[in-house]
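Input: a single structure, listed below in structure tokens.
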Amino acid sequence: MKELLKTNQSILIGGVVGLLFALFFITIGFFKTLLLFVFTFIGSYGGYYVKKSGLLDGFLSKKRN
């Protein structure tokens, strides 16, 4: 079973993302769903940028001392 899940991991992730998109589309509508995904993408990219650039590392090291 674990091998089956490991070999088909991308298919399962795609299926879950599609299911979530369909649920959001049905419950809150197209434009609100689109806005939700846009803000999620912006937040994820912002977190990636902060981690990659190390902007938060200097602030956190000063606060811990």
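All values reported here derive from a predicted model rather than from experimental measurement. These values consider heavy atoms only, across backbone and side chains, with no hydrogens, waters or symmetry-generated copies.
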Could you list the donor-acceptor pairs under 3.5 angstrom formed by side chains in residues 38-48, with sequence neighbours left out?
residue : atom : partner : partner atom : Å
Thr40   : OG1  : Leu36   : O            : 2.7
Ser44   : OG   : Thr40   : O            : 2.9

Output a table of donor-acceptor pairs, distance under 3.5 Å, between side-chain atoms of residues 10-23 and any protein atom two or more places apart or on a different chain; print 'none' if there are none.
none

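Checking each of Leu35, Thr33, Leu34 against Phe37 for a side chain to side chain contact (heavy atoms under 4.5 Å, CB included) leaves exactly one that passes, namely Thr33.
In this structure, Ile26 stands alone, with no Ile, Leu, Val, Met, Phe, Trp or Tyr side-chain heavy atom under 4.5 Å from its own, directly or through other members.
Across every non-hydrogen atom of Tyr49 and Leu55, the tightest pair is CE2-CD1, 4.0 Å.
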